[in-house]
Amino acid sequence: MHIQPFFDKDTSTVTYVVSDKATKRCAIIDPVLNYNPQAGKTSTASADKIIAYIKKSGLKTEWILETHVHADHLTAASYLKENLGGKLGIGEHVVKVLAHWVKLFNTAYDTPLDGSQFDHLFKDGERFSIGNVQARVLHTPGHTPDSISYLIEDAIFVGDTLFMPAIGTARTDFPGGSAKMLYRSIQRILSLPDKTRIFHCHDYPPEGKKPRWESAVAEQKKNNAMVGSGVSEAAYVKARNKRDKGKAVPRLLLPAIQTNLRAGGFGEAEANDIQFIKIPLNQF
């Protein structure tokens, strides 16, 4: 297995291309579609780097995988599928996220509530392959109800569930989030062998420091700022809820959620042939 990261500086998001060297099959995890909210303009610059890498490496895309419906960046999943093929996958509990947000945005006319805009909805414990490389899905809710992690050989891709040790863990104040559930999901990850490599979806380094996106189970158990050194569930829940109280919403939350519910689509154009992102007023 080979893991190639791509860091999007604007959203501090890491996308991964995981490939099987023997069969040249690959999966893309958490891809980014660039978006300028001031101009309402999209760009495929980050996704095009992935396309160029896959074509140059002679890879064939089997999967385009989401760890959850992201609130901090727009997904390039549909764009990548159009250009590379492959199946779009996300956790089966995405239907819970759809039920809440589609109602808020009032977009049921172009956003299926059953998750059929994705090709496959993964169940907890489900196994799949990337060429000859074996993978397993872990349902790791708490940040969002649909959050899943992909355990691929000795590496696990955890989305927003865990951050680098100095930062700690994801927030839990989104609809359907729960600090208690997140703690238990993290313990599930930390029960893996100590040498298991953990690949994170984001890093927010201090000024002058380069981003990092790989840690290990042993490192997290010892040094994580919120759950390391045997922190109890009760202590974590108290600290996490305190940290989340009054926290600002992510900069791209409204355009990101709305787009990502459609697997990266922008919905039906209006009578003037223009697509729109809707902004619900006074809801946050």
Item to check | Partner set under side chain to side chain contact (heavy atoms under 4.5 Å, CB included) for Gln38, not counting sequence neighbours | outcome: Asn36
Item to check | Those residues that, when tested against Phe276, pass ring pair (Phe, Tyr, Trp, His ring centres under 6.0 Å) (two or more places apart) | outcome: none
Residues 87-98, side-chain donor-acceptor partners within the protein, below 3.5 Å, at least two apart:
unit_1: Glu92; atom_1: OE1; unit_2: Lys123; atom_2: NZ; d: 3.2
unit_1: His93; atom_1: ND1; unit_2: Lys96; atom_2: NZ; d: 3.2

Checklist entry - Less than 4.0 Å between a side-chain N and a carboxylate O, is that true for Lys195 and Asp154? => result no
Checklist entry - Going through the distances and angles, do Glu233 and Lys180 end up as a side chain to side chain contact (heavy atoms under 4.5 Å, CB included)? => result CA-CA 7 Å; Glu233 179 179 298; Lys180 182 179 288 189; 3.4 Å; yes
Checklist entry - Between Leu182 and Val69, is there a shared hydrophobic cluster once you connect ILVMFWY residues whose side-chain heavy atoms come closer than 4.5 Å? => result no
Checklist entry - Would one find more than 12 heavy atoms of other residues, nucleotides or ligands at under 6.0 Å from atom NZ of Lys247? => result yes
Checklist entry - Are Thr75 and Asn260 linked by a side-chain donor-acceptor pair shorter than 3.5 Å? => result no
Item to check | In one Ile/Leu/Val/Met/Phe/Trp/Tyr side-chain cluster, 4.5 Å: Phe118, Val32 | outcome: no
Checklist entry - Does Val14 sit in a hydrophobic cluster with other residues, and if so which ones, taking ILVMFWY side chains as linked at heavy-atom separations under 4.5 Å, directly or through other members? => result Met1, Ile3, Phe7, Tyr16, Val18, Ile29, Trp63, Leu65, Phe122, Phe128, Ile130, Val133, Val137, Ile148, Tyr150, Ile152, Phe157, Phe199, Trp213
Checklist entry - What residues, two or more places apart in sequence or in another chain, satisfy ring pair (Phe, Tyr, Trp, His ring centres under 6.0 Å) together with Phe266? => result none
Next on the checklist: For Ser78, give me all partners under side-chain hydrogen bond (donor to acceptor under 3.5 Å, both in side chains), at least two apart in sequence or on another chain.
Outcome noted: none
Next on the checklist: Can you confirm whether more than 12 heavy atoms, excluding those of Arg212, are under 6.0 Å from its CZ atom?
Outcome noted: no
Checklist entry - Below 6.0 angstrom between ring centroids: does that apply to His68 and His70? => result yes
Next on the checklist: Please give the remaining members of the hydrophobic cluster of Met181, linking ILVMFWY side chains under 4.5 Å, ordered by chain and number.
Outcome noted: none
Next on the checklist: Holding to side chain to side chain contact (heavy atoms under 4.5 Å, CB included), I want the full list of residues that pass it with Ser116, two or more places apart in sequence or in another chain.
Outcome noted: Pro112, Asp114
Checklist outcome for this item: Connected to Ile167, directly or through other members, by ILVMFWY side-chain contacts below 4.5 Å are Phe163, Tyr204
Checklist entry - For Asp10, which residues count as a side chain to side chain contact (heavy atoms under 4.5 Å, CB included) partner, sequence neighbours excluded? => result Asp8, Arg251
Item to check | Arg240/Asp173 salt bridge by N-O under 4.0 Å criterion | outcome: no
Checklist outcome for this item: dist Leu192:CG -> Ile156:CD1 (nearest 0.5 Å) comes out at 5.0 Å
Checklist entry - To the nearest 0.5 Å, how far apart are SG in Cys26 and CG in Leu84? => result 7.5 Å
Checklist outcome for this item: Across all chains, not counting sequence neighbours, the side chain to side chain contact (heavy atoms under 4.5 Å, CB included) partners of Ile279 are Leu254, Ile277
Item to check | ring-ring contact (aromatic ring centres under 6.0 Å, His included): pairs with one or both residues in residues 17-36, sequence neighbours excluded | outcome: none
